Amino acid sequence: MVENTHMTLNLSLARKLFNASSFNLFSLPAIVRQLDPIKAISSEFRASLYTFFNHCYSSSPLHQDSYLEKAKSHHAVDPDAIFESLIDNSTHKSHLNQIHSQLLVSGSLDSLILTTKLINKSSNLGEIRYARNLFDEFCNPDVFLWDAIIRSYSRRDMFGDALEMYTNMQMAGVSPDSFTFMHVLKACSGLPALEMGWQVHAQIFRHGFQSDVLVQNALVALYAKCGQIGLSRVVFDDLCDRNVVSWTSIISGYAQNGEPMEALRIFSQMRHSSMRPDWIALVSVLRAYTDVEDLQQGKSVQGCVIKMGLEYEPDLLISLTSMYAKCGQVTLARSFFDQMEIPSVILWNAMISGYAKNGFAEEAVDLFREMISKKIRIDSITARSAILACSQVGSLELARWMDDYIMRSEYSDDVLVNTALIDMYAKCGSVDLARIVFDRTLDKDVVVWSSMIVGYGLHGRGREAIDLYYAMKQDGVCPNDVTFVGLLTACNHSGLVEEGWELFHSMRYFGIEPRHQHYACVVDLLGRAGRLDEAYDFITNMPIEPGVSVWGALLSACKIYRHLTLGEFAAKYLFTLDPYETGHYVQLSNLYASARLWNHVGKVRVLMKEKGLTKDYGYSLIEINGKLQAFRVGDKSHPRYKEISEELEKLEKRLKEGGFVPHAESVLHDLNYEETEETLCNHSERLAIAYGLISTPPGTTLRITKNLRACVNCHAATKLISKLVNREIVVRDAKRFHHFKDGFCSCGDYW
DNA sequence: CTAGGGTTAG
């Protein structure tokens with residue numbers, strides 16, 4: 001039979017080829033192509049060929065179950081189909097390379113379809129340059145090929161290149177399709193480039209895509225990413241055939257633009273329409289609830305998740321973890337975190353940042369360490385969250401460890417990570433180490449400069465903060481509102497009243513509108529100079545309603561200068577604005593105590609009781625050999641308590657000999673001073689110092705962290721101690737750092 | 001011959 005002869009011929013040819021070349025899977029399509037032009041092939045022939053394929057595939061690194069399935073059908077012997085399957089199953093650039101050369105051998109390269117597939121696969125494997133090379137081999141790419149290369153760039157976040165290819169495409173006279181617009185718009189939102197987006201929008205009209213759901217959805221996302229949520233809404237409202245993506249885009253758009261309530265409103269509209277949300281839609285909705293911090297409602301979405309059987313969707317677990325972590329429900333968040341089996345950086349980041357944000361800094365650091373020991377790849381967000389946690393722990397040793405880790409990681413040049421390190425060192429007590437990070441940071445942006453300025457301010461090194469500000473301007477970097485918060489704080493903490501006043505007024509030259517914090521700093525400045533009436537005038541002339549920070553600054557100043565009427569006035573505002581903040585009551589109580597108005601002190605205590613407020617007990621932490629030890633008065637649980645109290649007695653004796661007299665008011669009226677900062681502080685600071693003295697070699701700097709602000713007595717005592725024992729003592733209180741040395745403090749006795 | 005939307009952080 002003729003057919004049979006053909007078959008035998010072809011099979012023998014195939015065998016010959018098989019034996020001749022060191023045969024591999026990739027040459028299979030070329031062999032099959034040699035078998036052409038046999039179109040009608042008998043089932044017997046196919047069976048033989050199938051055995052052949054089977055042999056090839058089983059010895060190949062690519063497992064082709066899907067292909068073997070296809071091979072049983074008659075399409076299997078189509079070489080292009082084999083190529084297609086090979087491309088689909090490639091996992092490495094070397095595979096693509098072999099396929100490419102076989103395409104050239106078999107003369108299939110003119111098949112745009114296969115090349116498009118090859119380009120798409122290259123970009124999915126991250127081989128963007130290779131994809132571009134493939135593209136460049138074509139003289140007349142069609143729209144699909146253009147789409148493939150634009151998509152490749154866009155998906156790799158190379159938005160500029162994507163837009164450049166789009167321009168080239170237009171110059172080549174190729175008409176875009178909906179996919180072109182989709183990817184071009186994605187590139188515009190990635191940059192983001194609103195102007196370009198507008199131009200593309202016009203072209204979309206010209207090409208008649210105004211009711212194409214794909215393109216319109218991309219427009220909704222574009223305008224949302226550019227902060228033009230109103231325009232997103234217009235596009236969304238004009239869309240008659242909305243799908244689940246349209247709804248998700250507008251919901252997440254509102255959530256991203258700080259309008260979570262509107263996002264949730266649209267979600268309920270969506271539920272009233274017959275549109276069923278999928279898991280991505282639910283992720284967006286959860287994000288909106290996260291911003292609203294409405295746990296009750298968030299839980300109802302969790303119910304929705306379970307009802308739809310999506311509770312094992314990994315990304316929904318991430319969103320639920322993140323939502324609960326952000327709302328402070330870290331235990332609940334942890335239970336979702338623990339449910340997830342596949343490792344995901346985003347999930348770990350959500351948990352770490354959740355811990356850090358809610359005062360569980362140690363847990364955050366532990367989780368970060370666990371991540372490293374489990375060899376889970378971190379990203380720059382992990383690094384930043386972990387660094388943030390370290391700055392809250394406050395241990396300089398931990399800070400050093402973190403810096404060392406980052407320096408050896410791929411994030412040593414990451415500007416955002418370095419900014420976090422600067423902030424961390426400053427908050428862990430060493431502004432000089434912060435400066436080293438600052439100096440090694442390349443391409444300093446305004447945030448890097450500002451962090452360093454804020455750091456100097458925190459430590460009362462106002463001169464250096466101001467010098468750095470001039471250096472920054474010299475460097476051509478424009479200050480922002482945060483820069484000025486740092487500068488003004490620095491001036492406050494260093495007593496640079498005139499400089500601060502001038503800086504405040506220079507803000508308008510940079511077009512920066514002062515915010516509450518800036519006004520509070522000025523009030524603080526004037527207050528420090530004793531110019532209380534001026535401070536009050538300043539407040540009454542503020543263009544914005546004075547808030548807690550402003551009145552708080554005034555009250556502090558009144559306490560220092562014992563200005564009763566003005567202090568009471570400020571306190572009245574504070575109690576209205578923020579009735580449950582213990583600190584304000586303590587401040588007022590201190591004001592009364594300093595004026596020896598003991599019955600007023602008592603009244604404040606009653607006021608606190610009525611509100612159900614309890615005082616925060618003071619404690620001090622000291623870091624010894626990288627370990628933090630906590631002290632509060634009367635706490636005898638420390639294993640070295642006896643030695644500590646002996647040292648303390650010695651210290652008190654030497655203080656007395658050195659002429660230290662405790663603040664008279666607080667000693668006189670034991671019964672009434674219960675709520676003042678003196679009792680709250682409880683001199684835990686001195687316990688920590690005593691422990692530090694007996695646990696470290698002479699001359700070692702002591703680093704102490706307190707939860708409250710410095711109290712007058714402890715501050716005076718610590719100054720003297722630093723001189724008596726010849727040690728530098730660094731104390732971080734709730735607001736700032738004090739560097740005690742030779743009987744002086746860097747704060748100049750004003751805080 | 002391609003999917004498109006989302007999650008961390010600031």
Side-chain angles (χ1 to χ4, degrees), chain A residues 80-81 83-84 87-88 111-121 123-124 142-152 154-155 177-183 185-186 189 212-222 224-225 232 236 242-253 255-256 258 263 270 277-291 313-323 325-326 333 336-337 340 344-354 356-357 378-388 414-417 419-420 423 447 451 482:
Chain A
D80 282 359
F83 272 128
E84 205 182 310
I87 295 170
D88 281 347
S111 156
L112 285 163
I113 297 170
L114 283 177
T115 314
T116 308
K117 251 192 168 323
L118 207 51
I119 289 180
N120 283 330
K121 189 70 193 184
S123 84
N124 286 346
D142 68 352
V143 63
F144 290 108
L145 215 54
W146 282 107
D147 285 354
I149 196 68
I150 294 172
R151 184 188 89 116
S152 301
S154 177
R155 296 213 347 179
D177 65 5
S178 60
F179 282 89
T180 321
F181 283 126
M182 192 170 65
H183 297 125
L185 288 173
K186 196 180 174 238
S189 17
D212 184 297
V213 121
L214 237 67
V215 175
Q216 298 300 313
N217 288 347
L219 278 171
V220 171
L222 166 79
K225 291 246 164 63
S232 291
F236 177 79
R242 296 170 194 155
N243 60 18
V244 66
V245 178
S246 324
W247 287 96
T248 309
S249 302
I250 193 73
I251 289 170
S252 65
Q256 286 160 5
M270 176 183 181
D278 63 2
W279 65 269
I280 299 184
L282 290 175
V283 163
S284 315
V285 172
L286 281 175
R287 142 99 200 233
Y289 276 119
T290 305
D291 292 342
E313 191 61 55
D315 292 298
L316 268 173
L317 275 180
I318 295 174
S319 293
L320 285 166
T321 307
S322 157
M323 180 183 77
K326 262 198 193 163
F336 285 101
F337 176 85
M340 181 107 129
S344 146
V345 207
I346 299 175
L347 175 74
W348 284 75
N349 290 352
M351 199 62 233
I352 291 174
S353 69
K357 255 199 196 137
I378 69 157
D379 66 8
S380 87
I381 294 172
T382 325
R384 278 148 64 194
S385 310
I387 295 168
L388 178 75
D414 187 306
V415 177
L416 290 164
V417 169
T419 310
D423 177 69
V447 188
S451 307
V482 181

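Letters A, B, ... mirror the listed sequences (proteins, then strands); counts begin at 1. These numbers were taken from a predicted model, which means no experiment stands behind them.
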Non-hydrogen side-chain atoms of A:Met182 and A:Ser178 separated by less than 4.5 Å: no

side-chain hydrogen bond (donor to acceptor under 3.5 Å, both in side chains) involving A:Asp423 - partner list, sequence neighbours excluded: A:Lys427

Spacing between A:Ile149 atom CD1 and B:dT2 atom P, to the nearest angstrom: 17 Å

Residue A:Ser319, side-chain atoms from C-beta onward, closest of B:dT2, B:dT7, B:dG5: B:dT7

Side-chain N or O of A:Lys117 closer than 4.0 Å to phosphate OP1/OP2 of B:dT2: yes

A:His183 side chain near B:dA3 phosphate (N/O to OP1/OP2, under 4.0 Å): no

Minimum-distance nucleotide (side-chain atoms of A:Leu388 versus B:dT7, B:dG10, B:dG4): B:dG10

Check: A:Ser152 and A:Ile119 side chains under 4.5 Å, non-hydrogen atoms: yes

Distance below 4.0 Å between A:Arg151 side-chain N/O and B:dA3 OP1 or OP2: yes

Phosphate-side-chain proximity, A:Ser252 and B:dG6, N/O vs OP1/OP2 below 4.0 Å: yes

Distance, rounded to the nearest Å, where A:Asp315 contributes CG and B:dG5 contributes P: 14 Å

Sugar-phosphate, base or nothing in reach of A:Lys121, heavy atoms under 4.0 Å: nothing

Spacing of A:Asn349 atom CG relative to B:dT8 atom P, expressed in whole Å: 10 Å

No-H, no-angle donor-acceptor pair, A:Asn217 side chain to B:dG5 base, under 3.5 Å: no

Touch class at under 4.0 angstrom, heavy-atom based, for A:Gln216 against every strand present: nothing

Side-chain (A:Thr290) to main-chain (A:Leu286) donor-acceptor, under 3.5 angstrom: yes

Partner of A:Thr180 under side chain to side chain contact (heavy atoms under 4.5 Å, CB included), chosen from A:Ile150, A:Leu185, A:Val215: A:Ile150

Whole-Å gap separating P (B:dG6) and CG (A:Asn243): 13 Å

Nearest to side-chain heavy atoms of A:Asp379, which nucleotide of B:dT8, B:dG6, B:dG4: B:dT8

Candidate nucleotides B:dG5, B:dT8, B:dG6, ranked by approach to the side chain of A:Arg287 - the nearest: B:dT8

Residue A:Met182, side-chain atoms from C-beta onward, closest of B:dA3, B:dG6, B:dT8: B:dA3

Sugar-phosphate only, base, or nothing, as touched by A:Arg155 at under 4.0 Å among non-hydrogen atoms: sugar-phosphate

Among B:dG6, B:dT8, B:dA3, the nucleotide that comes nearest once only the side chain of A:Ile346 is considered: B:dT8

Residue A:Trp279, side-chain atoms from C-beta onward, closest of B:dG6, B:dT2, B:dG5: B:dG6

Closest to the A:Asn120 side chain, choosing from B:dG10, B:dT2, B:dG5: B:dT2

Candidate nucleotides B:dA3, B:dG6, B:dG5, ranked by approach to the side chain of A:Ser284 - the nearest: B:dG6

Spacing of A:Ile387 atom CD1 relative to B:dG10 atom C1', expressed in whole Å: 14 Å

Side chain to side chain, A:Gln216 and A:Ser246, heavy atoms closer than 4.5 Å: no

Heavy-atom donor-acceptor pair, A:Asp278 side-chain to B:dG5 base, under 3.5 Å: yes

Atom pair distance, as rounded to whole Å: CG in A:Asp291 and P in B:dT8: 8 Å

Sugar-phosphate, base or nothing in reach of A:Thr116, heavy atoms under 4.0 Å: base

Ring pair (Phe, Tyr, Trp, His ring centres under 6.0 Å) partners of A:Tyr289, counting only residues at least two apart: none

Touch class at under 4.0 angstrom, heavy-atom based, for A:Val447 against every strand present: nothing

Distance in angstrom units between A:Glu313 CD and B:dT7 C1', rounded: 12 Å

Length of the line joining A:Asp423:CG and B:dG10:P, which is rounded to integer Å: 10 Å

Residue A:Lys326, side-chain heavy atoms: nucleotide from B:dG4, B:dG10, B:dT2 that is nearest: B:dG10

Sugar-phosphate, base or nothing in reach of A:Asp212, heavy atoms under 4.0 Å: nothing

